[in-house]
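Here is the structure we will look at.
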Amino acid sequence: RRRVAILISGRGSNMTALIEAAKAKDYPAEIVLVISNIAGAGGLAKASDAGIETATVESKPFGKDREAFERKLHDVLVAHNIELVCLAGFMRLLTPWFVKQWEGRMLNIHPALLPSYRGLHTHERALADGVKIHGATVHFVVPEMDSGPIVMQGAVAVHDDDTPDALAVRVLGVEHRIYPDALRLVASGGTRLENGFCKTGNAGPDTALI
Ligand code: GAR
């Protein structure tokens, strides 16, 4: 089983979904560490309750020196023999240096159907555009924000009377389904990077949840 660390900044509901999934005997990854860059983030207590080791590496004291923060983060990951990193509501931009250390070994979940709606306030922007389909994406992390080869996506229908909050709830439900499946795929070696794209092969599971 591959050793996985989850990086969070907040409540950690995607983290919890990954922890739950990894309890299955045949799951190819184990969650061995949860790190928050925010002291007291809600997800830390949830991880501890689930019996998972936690660490806080605060980003704030480092100010604009992102790489100094990341060197500390990287040291903690290496000290725990981490093989795969999952960003789950981790609200820090990562430098090319850090991304390079974890190239092909770091996943992120984003609350939109990339490449649409990179960045923040995805649900508000989707509603403002009047799109009829919205969703979530798990992708490998590359230096450009919310880019990188897509591992899995899930979609929801947008309702005429949707609010950003209502839409967020339905998208979050999708996130909790695709992130565990995407990590399973990556940890088992079931998906591979080919010319900058994720290829899962004919025998693999569906990587689109509709
Ligand atoms: C999730 O919706 C996740 O997709 C989003 O933050 C939320 C975290 O919730 N991530 C981003 O916006 C990354 N730019 P969670 O802490 O309950 O998993």
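Any value given below was found using the heavy atoms of this structure, including those in side chains, with hydrogens, waters and symmetry copies removed. For the single chain, residues carry numbers from 1 onward in sequence order. Just so you know, ligand 1 is whichever comes first in the structure, and atom 1 is the first atom listed for that ligand.
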Enumerate, one pair per line, all nitrogen or oxygen atoms of ligand 1 lying under 3.5 Å from a protein nitrogen or oxygen, stating the separation to 0.1 Å; write 'none' if no such pair exists.
{"unit_1": "ligand 1", "atom_1": "2 (O)", "unit_2": "Glu175", "atom_2": "OE1", "d": "3.1"}
{"unit_1": "ligand 1", "atom_1": "2 (O)", "unit_2": "Glu175", "atom_2": "OE2", "d": "2.9"}
{"unit_1": "ligand 1", "atom_1": "4 (O)", "unit_2": "Glu175", "atom_2": "OE1", "d": "2.7"}
{"unit_1": "ligand 1", "atom_1": "4 (O)", "unit_2": "Glu175", "atom_2": "OE2", "d": "3.4"}
{"unit_1": "ligand 1", "atom_1": "9 (O)", "unit_2": "Arg11", "atom_2": "NE", "d": "3.4"}
{"unit_1": "ligand 1", "atom_1": "9 (O)", "unit_2": "Arg11", "atom_2": "NH2", "d": "3.2"}
{"unit_1": "ligand 1", "atom_1": "16 (O)", "unit_2": "Gly12", "atom_2": "N", "d": "2.9"}
{"unit_1": "ligand 1", "atom_1": "17 (O)", "unit_2": "Arg11", "atom_2": "NE", "d": "2.5"}
{"unit_1": "ligand 1", "atom_1": "17 (O)", "unit_2": "Ser13", "atom_2": "N", "d": "2.8"}
{"unit_1": "ligand 1", "atom_1": "17 (O)", "unit_2": "Ser13", "atom_2": "OG", "d": "2.6"}
{"unit_1": "ligand 1", "atom_1": "18 (O)", "unit_2": "Ser13", "atom_2": "N", "d": "3.4"}
{"unit_1": "ligand 1", "atom_1": "18 (O)", "unit_2": "Asn14", "atom_2": "N", "d": "2.9"}
{"unit_1": "ligand 1", "atom_1": "18 (O)", "unit_2": "Asn14", "atom_2": "ND2", "d": "2.9"}

Would you say the rings of His139 and His110 are close, in the sense that their centroids are separated by under 6.0 Å?
no

Any donor-acceptor pair under 3.5 Å from Tyr27 side chain to Pro180 backbone:
yes

Between Asp146 and Arg118, the two heavy atoms sitting closest are O-NE, 3.0 Å

Residues 74-81 side chain polar contacts: donor-acceptor under 3.5 Å, at least two apart:
{"unit_1": "His74", "atom_1": "ND1", "unit_2": "Trp102", "atom_2": "NE1", "d": "3.0"}
{"unit_1": "His80", "atom_1": "ND1", "unit_2": "Val76", "atom_2": "O", "d": "2.9"}
{"unit_1": "His80", "atom_1": "NE2", "unit_2": "Glu53", "atom_2": "OE2", "d": "2.9"}

Give a yes or no on whether the backbone of Gly12 and the side-chain of Thr16 come within a donor-acceptor separation of less than 3.5 Å.
yes

Counting only N and O atoms by type, is there a donor-acceptor contact under 3.5 Å from the side chain of Arg92 to the main-chain atoms of Ser59?
no

